[in-house]
Amino acid sequence: MSAIDVMTPPKLKPMPVSHPVELSPKPSLIGMTREEMGAALKEKGVAVKQIKMRVSQLWNWIYVRGVSDFDAMANVSKDMREMLKTHFTIARPEIVEEQVSNDGTRKWLLRFPPRGAGRPVEVETVYIPEEGRGTLCISSQVGCSLTCSFCHTGTQRLVRNLTAEEILSQLLLARDRLGDFPDREAPQGTVMPAEGRKVSNIVMMGMGEPLYNFESVKTALLIASDGDGLSLSKRRITLSTSGVVPEIYRTGDEIGVMLAISLHAVRDDLRDMLVPINKKYPLKELMDACRAYPGLSNARRITFEYVMLKGVNDSLEDAKGLVQLLKGIPAKINLIPFNPWPGTNYQCSEWEQIEKFADFINAAGYASPIRTPRGRDILAACGQLKSESERMRKTERLAFEAMMIANHGED
């Protein structure tokens, strides 16, 4: 991408968004397990002998056909549809804003209704199209409690956990907007893989720490990987954690998806500062949990995320320490050029230094791709997600985004 004048706002393609919806107290069928859905139908008077069949019908309509309106369920009787409309919902969240980056990355700001006595909340979801795959980055919490010092998302306080419904709804809405359900068309000009599913991979790498919301994340990911529904392979689902060690063991045993670790440092003193959860679960405990993760092999590796911070963690001594730390773990190391955000004191490592770092790790036998920054012009890159209500004024943001497009052209 070529550099542009830093004061020229990026040209974001205007996209139609949903209108505000009435906040409904009705429970959603999205995110319920089959057992929970059956119990909910039984409570509303559905005959016990019909429940298994009705759950199967609803599961297909919601997760295979992708409908968001009970009236679209053609093989469900009118009386049954009326009962469902009266007592339940399968509506999508409200889209507050949809942005499209110059590189095809899409970011949605989504609003969910209040839970209990709270207010409506907003989260961001990002779609990254690449050749051969389309990856959706999903949020698990509103805000984040981890306060990693280099992460913009971490500067927004934790508001609450998302429910399994809200986690899954991000996937359903993205597939709606990309035309990734049967008989749907993608918006004109959408960048996406040439073949196969438009959303082929999902990563729990959005706002929040997924393992601090374990039960909801577990339910959502098991539904996403259910073979009779959304049917995503567990090898195409990656859960990223900053290192909640007890739940790493549970993730391997109870969910079985691919694991990514936000590592960023190879010494406890530095990681204590960059990723404060390290004070509770230091590197030795974290590495022990990684070594014990089920099914590890050269074909099923743990991904270690490592953000490149100039003069902080990017020396060859750090690279040597990284190789030593990961010894014996089938691993891939994603080197992430630091994505700037307003108010940060960190700088991205020089490109030459990143390449030297990568070359050393490659020579030691570890794949270490340098992740190409995506969506930086719309604050959609790693560590940049933050709810609109917490962000700078729009005029300031546009100038900053334009500056980042220029920087991106020089990378």
Side-chain angles (χ1 to χ4, degrees), residues 1-18 95-110 122-139 151-153 170-171 173-180 186-194 197-203 205-207 240 305 307 334 336-342 344 348 351 369-388 390-411:
M1 189 182 298
S2 60
I4 63 171
D5 188 308
V6 299
M7 295 310 295
T8 304
K11 290 181 170 58
L12 299 178
K13 301 175 185 177
M15 299 296 297
V17 299
S18 60
I95 303 175
V96 177
E97 184 178 27
E98 180 173 19
Q99 292 178 287
V100 183
S101 167
N102 292 315
D103 64 22
T105 298
R106 287 173 177 256
K107 183 174 71 173
W108 295 279
L109 178 66
L110 305 179
E122 297 172 352
V123 299
E124 291 182 333
T125 306
V126 176
Y127 175 70
I128 304 166
E130 301 172 271
E131 186 175 350
R133 70 163 60 186
T135 301
L136 188 70
C137 182
I138 294 177
S139 294
C151 181
H152 192 209
T153 310
Q170 296 172 67
L171 173 56
L173 182 138
R175 292 191 65 186
D176 281 346
R177 298 296 293 177
L178 296 166
D180 200 25
Q188 189 172 1
T190 300
V191 178
M192 61 184 64
R197 289 188 175 192
K198 299 171 180 69
V199 180
S200 61
N201 297 60
I202 59 176
V203 292
M205 293 182 181
M207 296 169 63
S240 177
E305 308 283 355
V307 67
N334 268 351
I336 306 169
F338 174 64
N339 291 307
W341 46 270
T344 183
C348 182
W351 195 257
I370 301 170
R371 183 183 291 174
T372 304
R374 301 294 301 273
R376 287 168 87 170
D377 53 316
I378 56 170
L379 284 176
C382 283
Q384 291 182 311
L385 301 189
K386 193 170 183 185
S387 299
E388 186 71 21
E390 296 281 331
R391 199 173 299 150
M392 68 189 94
R393 288 185 317 219
K394 188 171 183 180
T395 52
E396 295 170 335
R397 179 164 53 89
L398 287 175
F400 179 73
E401 290 166 355
M403 177 186 71
M404 285 197 298
I405 293 175
N407 288 343
H408 186 244
E410 295 167 3
D411 282 346

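Worth knowing before you read on, the calculation uses all heavy atoms, side chains too, and leaves out hydrogens, waters and symmetry mates.
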Separation of Ile138 CD1 from Ser240 OG (nearest 0.5 Å): 13.0 Å
Atom pair CG/NZ of Leu178 and Lys198 - distance to nearest 0.5 Å: 8.0 Å
Distance-minimising heavy-atom pair for Pro129 and Asp103: CG-O, 4.4 Å
Residues that Asn334 engages under side-chain contact (heavy atoms from CB on, under 4.5 Å), provided they are two or more places apart: Thr303, Glu305, Lys332, Pro369, Arg371
Nearest-0.5 Å distance that lies between atom CD in Gln170 and atom OH in Tyr127: 15.5 Å
Distance in Å, Thr125 OG1 paired with Arg177 CZ, rounded so as to fall on 0.5 Å steps: 12.5 Å
Contacts of Asp176 that satisfy salt bridge (charged side-chain N to carboxylate O under 4.0 Å, His left out) - sequence neighbours left out: Arg92, Arg184
Shortest non-hydrogen separation from Phe338 to Thr344 and the atoms involved: CZ-OG1, 3.5 Å
Nearest heavy-atom neighbours spanning Leu136 and Trp108: CD1-CZ3, 4.0 Å
Arg197: partners by salt bridge (charged side-chain N to carboxylate O under 4.0 Å, His left out), with sequence neighbours left out: none
Min side-chain heavy-atom separation Leu110-Ile95 under 4.5 Å: yes
Nearest-0.5 Å distance, CD of residue Glu97 to CD of residue Glu122: 9.5 Å
Where Gly134 and Pro193 come nearest, the two heavy atoms and their spacing: N-CG, 3.5 Å
Side chain Ser139, main chain Glu124, donor-acceptor under 3.5 Å: yes
N/O donor-acceptor pair under 3.5 Å between Arg175 side chain and Asp180 backbone: yes
